[in-house]
Amino acid sequence: MEDNVWIGERATILKGVSIGHGSIIACDSVVTKAIPPNSIAAGNPAKVVKKIDSEIKN
């Protein structure tokens with residue numbers, strides 16, 4: 001697991017699965033495969049539902 005990752009309550013991440021920098025795992029998700037950086041993943045099994053724009057805009 002890399003830095004700046006948010007993991008929702010009751011989420012399950014299987015052994016050996018990587019979660020990319022800046023990603024968010026939704027509540028109750030079951031992560032069975034690698035999640036790329038700057039992504040939101042949800043479901044059972046978890047799938048990427050959205051990419052996060054990593055630039056901050058004012």
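Note: hydrogens, waters and symmetry copies are ignored here, and every other heavy atom, side chains too, is used. Bear in mind that the values here come from a model prediction, so they are computed numbers and not experimental data.
Nearest heavy atom pair, residue Gly22 against residue Val5, reads N-CG2, 4.3 Å.
In this structure, the side chain of Ser29 engages the main chain of Gly43 through a donor-acceptor pair within 3.5 Å. Judged by distance alone, with hydrogens and angles left aside, the side-chain atoms of Ser23 form a donor-acceptor pair with the main-chain N or O of Pro36 at under 3.5 Å.
Between the CD1 atom of Ile24 and the CD1 atom of Ile35 there is a distance of 12.0 Å, given to the nearest 0.5 Å. Atom OG1 of Thr12 sits about 8.5 Å away from atom CG of Asp28, to the nearest 0.5 Å. To the nearest 0.5 angstrom, Asp3 atom CG is 12.5 Å from Ile19 atom CD1.
Clustering ILVMFWY residues whenever any of their side-chain heavy atoms sit less than 4.5 angstrom apart, transitively, puts Leu14 in the very cluster that holds Ile7. Side-chain heavy atoms closer than 4.5 Å link hydrophobic residues (I, L, V, M, F, W, Y) into clusters, and following such links, even through other members, never connects Val30 to Val48.
When each of Lys51, Lys47, His21 is tested with Ser39 by the rule side-chain contact (heavy atoms from CB on, under 4.5 Å), just one qualifies, namely Lys51.
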